[in-house]
Amino acid sequence: MATERTAATLVLRLAGAGLTAAMAAIHLRLWAEGYRDLVPIGPLFLFNGVAGIMLAAALLVTPVRGLAPVAAVTALFTAGTLGALVLSLTRGLFAFVESIDAELVRPALCVEAAGAVVLALLAAAARSHPRPRPRPRPREHHYVPHPRHRTHAGGTRER
């Protein structure tokens, strides 16, 4: 059971990191190909690309005991990115209206939706991952003098 859970967590971790890196790569490519000239969308695309790379790396190097919050933050970041894309497709965002036929919009929708789901599952799986039990501390041995050697004040008497 623990091995299956560990394997599932590993698969979710790798998929989540890959999807986050793909999202970052899409944003960096679009930024490099002209979105950088759109104010304020351009700097946000650059930020998304750089932050996505950092989050993908964090997903890969974080120990299991700290993975749940990293996965949760990355899931929220990915869901926010997806929300911004949907908003730009429907109502516009910062006076910018995206077209569903624009380059990489459909792949971005797929990558971001899948990423949000996988990362949420990873956060839940990592949160329920069994933690190693702390080792019991060795008992300290306290010297207790024999009752014959005690004084009335509780100390030891001298011989």
Any chain of hydrophobic side-chain contacts (each under 4.5 Å) joining Leu119 to Leu82?
no
Minimum-distance pair of heavy atoms, taken over all atoms of Ala75 and Ala120:
CB-N, 3.8 Å
Distance-only criterion, 3.5 Å: show the donor-acceptor pairs between side-chain atoms of residues 93-111 and protein atoms not counting sequence neighbours.
residue, atom, partner, partner atom, Å
Glu98, OE1, Tyr35, OH, 2.8
Glu98, OE2, Tyr35, OH, 3.4
Ser99, OG, Asp101, N, 3.1
Asp101, OD1, Arg106, NH2, 3.4
Glu103, OE2, Arg29, NH2, 2.6

If you compare all heavy atoms of Leu12 against all heavy atoms of Ala125, which two are closest, and at what distance to 0.1 Å?
CD1-CB, 4.1 Å
Heavy atoms only: give me the nearest Ala123-Ala72 pair and the separation to one decimal.
CB-N, 3.8 Å
Applied to residues 71-80, the side chain to side chain donor-acceptor pair (under 3.5 Å) test, sequence neighbours excluded, yields none
Atom CG of Leu89 and atom CG of Leu85: how far apart are they, to the nearest 0.5 Å?
4.5 Å
Less than 3.5 Å apart, which donor and acceptor atoms pair up between the side chains of residues 36-61 and the rest of the protein, not counting sequence neighbours?
residue, atom, partner, partner atom, Å
Arg36, NH2, Ala32, O, 3.2
Asn48, OD1, His27, ND1, 3.4
Asn48, ND2, Thr81, OG1, 2.8

Pairwise salt bridge (charged side-chain N to carboxylate O under 4.0 Å, His left out) hits with a residue in residues 69-78, at least two apart
none
For residues Val64 and Arg13, determine if any side-chain heavy atom of one lies less than 4.5 Å from a side-chain heavy atom of the other.
yes
Filter on ring-ring contact (aromatic ring centres under 6.0 Å, His included), then keep only pairs touching residues 53-83, sequence neighbours left out; what's left?
none
Quick check for you: to the nearest 0.5 Å, what is the distance between Leu28 atom CG and Glu33 atom CD?
11.0 Å
